[in-house]
Engineer: 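Shown below is the structure under consideration.
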Amino acid sequence: MSLVLRDTYYVLRDTWFPRTLSCRAIPHLSALLPSNLVSMFDFSDLPFPVREDLKAAYRNIWSHFSEPGATYDATQRSGILHHARRRSGHAHPDQKAVPASIAELARTLYADPGSVDEALVRRAADDQGDPATVEAVSLVSMLAAVDGAHRALGLDLTQLPDPLRGEATGIVSEGLTRRRTHLPMPRGAIPSALDLVPQEARVFQGSFGAQYMTDAEMAYDDFERSPGLNRAQMELISSRTSLLNECFY
Amino acid sequence: MLRASANKFGYEMDIAAIADPGIPIGVPGGDLLLHLVDVLHGESAASLQSVHSGIIERLGTEALVDAAAVFGNFQMMNRVAEGSGISIPRVAIERELDIVTRLGLLDLKKS
């Protein structure tokens with residue numbers, strides 16, 4: 001089955017929302033999440049509160065992790081995530097379900113993104129296909145977001161969700177090609193980089209607002225959260241982070 | 001983008017501080033925010049707790065949460081960039097060549 005995503009909506013638990021909707025609206029939709037996820041990411045170990053939209057964004061990512069993907073079932077997705085977090089001598093059973101080329105990509109992308117090159121990505125893509133490789137890049141990247149924020153707050157990492165049953169959906173976009181890139185993608189900037197797999201792209205794009213800025217907020221150079229950081233302060237963090245990750249982008 | 005937002009807030013920012021945090025950045029609390037990133041990347045021996053205390057004292061707890069979220073967001077964005085191999089258009093590099101050169105970005109390998 002294939003699907004070309006041409007609309008301006010994304011789906012959360014079978015309910016359609018405009019893609020322009022900020023994750024800030026999602027806290028009110030917590031009833032749509034599995035009950036075990038609603039109690040996660042409450043940040044009760046911190047002596048100060050965390051924004052509700054950020055909690056909701058992380059719960060949405062975790063919910064996404066627990067579901068079957070476009071090319072991998074949820075156990076394989078869990079295995080990819082455990083490979084990314086892998087500690088020596090500590091293998092999770094789900095890791096056995098992951099092809100070696102994808103496991104290598106997941107580990108390297110999570111631990112040392114600056115060393116990821118075209119050869120590594122193409123090995124995975126040649127072995128497992130472009131959609132599977134996009135799915136792996138997406139999972140590991142979103143995991144790095146949630147884990148990164150936890151490290152920044154001095155918190156232990158949140159346990160990965162148990163995989164749900166079900167087969168891979170097979171839903172991928174058609175007609176995308178490589179544009180001097182490692183993987184097929186449409187023209188445009190980085191928010192569209194995962195569009196080959198709409199299921200990944202919408203969760204990735206839906207996480208920007210709570211973590212950084214929505215598309216609408218990006219239009220304003222003087223955007224600021226009050227209380228909180230203004231855009232210049234946020235861009236200092238993003239610039240230094242990218243520099244230390246050796247990421248030109 | 002950083003230069004535009006700093007101008008909008010009236011900051012006299014020295015963008016070279018992105019590559020060399022020893023240089024005063026000229027953004028309120030900017031030294032602490034850069035220091036947070038350095039601690040998380042193992043580029044500073046300071047404790048995370050001491051950086052947290054500084055940010056909370058100067059900018060507030062909400063700012064610390066925002067900083068953690070932005071740091072996480074760019075851990076994600078950098079990995080999507082590296083995994084997908086998306087590149088910066090040559091025209092964009094040429095437009096910002098002064099910044100690219102000052103930050104040593106031409107030494108970075110790719111995306």
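Basis for what follows: all heavy atoms, side chains included, without hydrogens, waters or symmetry-related copies. A, B, ... follow the sequence lines: proteins, then strands. Residue 1 opens every chain.
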Engineer: Any Lys/Arg nitrogen of Arg122(A) or Asp117(A) sitting under 4.0 Å from an Asp/Glu carboxylate oxygen of the other?
Structural biologist: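 No, no charged N to carboxylate O under 4.0 Å.
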
Engineer: Looking at Val137(A), Leu183(A), Thr241(A), Thr181(A), which has the largest count of heavy-atom pairs under 4.5 Å with chain B?
Structural biologist: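 When all of Val137(A), Leu183(A), Thr241(A), Thr181(A) are compared, Thr241(A) has the most.
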
Engineer: To check you understand the geometry: which heavy-atom pair defines the closest contact between Leu54(A) and Ala210(A), and what is its length?
Structural biologist: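 Where Leu54(A) meets Ala210(A) most closely, the heavy atoms are CD1-O, 3.8 Å.
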
Engineer: Before accepting this row, confirm whether a basic side-chain N of the pair Arg77(A)/Glu67(A) lies closer than 4.0 Å to the acidic partner's carboxylate O.
Structural biologist: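 A salt bridge is absent here (no side-chain N lies under 4.0 Å from a carboxylate O).
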
Engineer: Is any residue of residues 142-156 of chain A within less than 4.5 Å of chain B by heavy atoms, and which ones?
Structural biologist: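 Met142(A), Ala144(A), Ala145(A), Gly148(A), Ala149(A), Arg151(A), Ala152(A), Leu153(A), Gly154(A), listed by number.
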
Engineer: Please determine, among Val65(B), Val27(B), Thr61(B), Val80(B), the option with the most heavy-atom pairs under 4.5 Å with chain A.
Structural biologist: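 Looking at each option in turn, the highest pair count goes to Val80(B).
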
Engineer: Relative to chain B, which of Ala124(A), Ala193(A), Ser238(A) shows the most heavy atom pairs under 4.5 Å?
Structural biologist: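 When all of Ala124(A), Ala193(A), Ser238(A) are compared, Ser238(A) has the most.
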
Engineer: Please look at Leu194(A) and chain B and tell me whether the side chain, the backbone, both or neither of the residue comes under 4.5 angstrom of a heavy atom of that chain.
Structural biologist: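 Side chain only.
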
Engineer: Can you give me the closest heavy-atom contact between Val140(A) and Ala84(A), atom names plus distance?
Structural biologist: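 What the structure gives for the nearest pair is CG2-CB, 4.2 Å.
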
Engineer: Salt bridge or not for Glu82(B) and Arg79(B), using N-O below 4.0 Å?
Structural biologist: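 Between Arg79(B) and Glu82(B) there is no salt bridge, as every charged N stays at least 4.0 Å from the carboxylate O atoms.
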
Engineer: Which class fits the ring pair Phe41(A) and Phe43(A): parallel under 30°, tilted 30 to 60°, perpendicular over 60°?
Structural biologist: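 Tilted.
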
Engineer: With a 4.5 angstrom heavy-atom cut-off, could you sort out which part of Leu64(B) is near chain A: side chain, backbone, both or neither?
Structural biologist: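 Both the backbone and the side chain of Leu64(B) come within 4.5 Å of chain A.
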
Engineer: Sort Arg180(A) into side chain, backbone, both or neither according to what part of it lies under 4.5 angstrom from a heavy atom of chain B.
Structural biologist: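 The backbone, not the side chain.
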
Engineer: CG/Leu32(B) to CD/Glu57(B) distance, rounded to the nearest 0.5 angstrom?
Structural biologist: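 One gets 9.0 Å once the value is rounded to the nearest 0.5 Å.
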
Engineer: Any side-chain to backbone donor/acceptor pair from Asn7(B) onto Arg3(B)? Under 3.5 Å, distance only.
Structural biologist: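 Yes.
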
Engineer: Can we say Arg231(A) and Asp222(A) salt-bridge, meaning some charged N sits less than 4.0 Å from an Asp/Glu carboxylate O?
Structural biologist: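 Asp222(A) and Arg231(A): not salt-bridged.
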
Engineer: Minimum heavy-atom separation for Val98(A) and Ala103(A), please, with both atom names.
Structural biologist: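 Closest pair (atom of Val98(A), atom of Ala103(A), distance): CG1-N, 3.8 Å.
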
Engineer: Counting only non-hydrogen atoms closer than 4.5 Å, does Val37(B) touch chain A with its backbone (N, CA, C, O), its side chain (CB onward), both, or neither?
Structural biologist: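 For Val37(B), the contact with chain A is made by backbone and side chain together.
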
Engineer: Of all of Glu62(B), Met13(B), Met76(B), which one pairs up most often with chain A through heavy atoms under 4.5 Å apart?
Structural biologist: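 It is Met76(B).
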
Engineer: Taking side-chain hydrogen bond (donor to acceptor under 3.5 Å, both in side chains) as the criterion, tell me which of Asp127(A), Asp126(A), Thr133(A) meets it with Ser101(A).
Structural biologist: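 Exactly one candidate clears the test, Asp127(A).
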
Engineer: Which bit of Phe71(B) comes within less than 4.5 Å of chain A, counting heavy atoms only: side chain, backbone, both or neither?
Structural biologist: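 Backbone plus side chain of Phe71(B), per the 4.5 Å heavy-atom cut-off to chain A.
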
Engineer: Select all residues of residues 40-47 of chain B having any heavy atom within less than 4.5 Å of some heavy atom of chain A, and report them by number, or 'none'.
Structural biologist: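 Listed by number: Leu40(B), His41(B), Glu43(B).
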
Engineer: Only pairs of heavy atoms separated by less than 4.5 Å count here; which of Gly29(B), Ala67(B), Gly30(B) has the most with chain A?
Structural biologist: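 Result: the option with the highest number of such pairs is Ala67(B).
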
Engineer: Give a yes or no on whether a salt bridge exists between Arg51(A) and Asp66(B), defined as a side-chain N under 4.0 angstrom from a carboxylate O.
Structural biologist: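 The answer is yes: the pair qualifies as a salt bridge.
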
Engineer: Check for a donor-acceptor pair, side chain of Ser66(A) on one end and backbone N or O of Ser63(A) on the other, with a separation under 3.5 Å.
Structural biologist: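 Yes, Ser66(A) side chain to Ser63(A) backbone: donor-acceptor pair under 3.5 Å.
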
Engineer: Side chains of Ser239(A) and Glu235(A): do they bring a donor and an acceptor to under 3.5 Å?
Structural biologist: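 Glu235(A) and Ser239(A) do not have a side-chain donor-acceptor pair below 3.5 Å.
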
Engineer: So which residue, Ser84(B), Ala17(B), Pro28(B), Ala6(B), ends up with the most heavy-atom pairs under 4.5 Å with chain A?
Structural biologist: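 That would be Ser84(B).
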
Engineer: Would you name the heavy atoms of Gln128(A) and Ile102(A) that are closest together and state the gap between them?
Structural biologist: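 Answer, listing the atom of Gln128(A) first, then Ile102(A): CG-CG1, 3.6 Å.
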
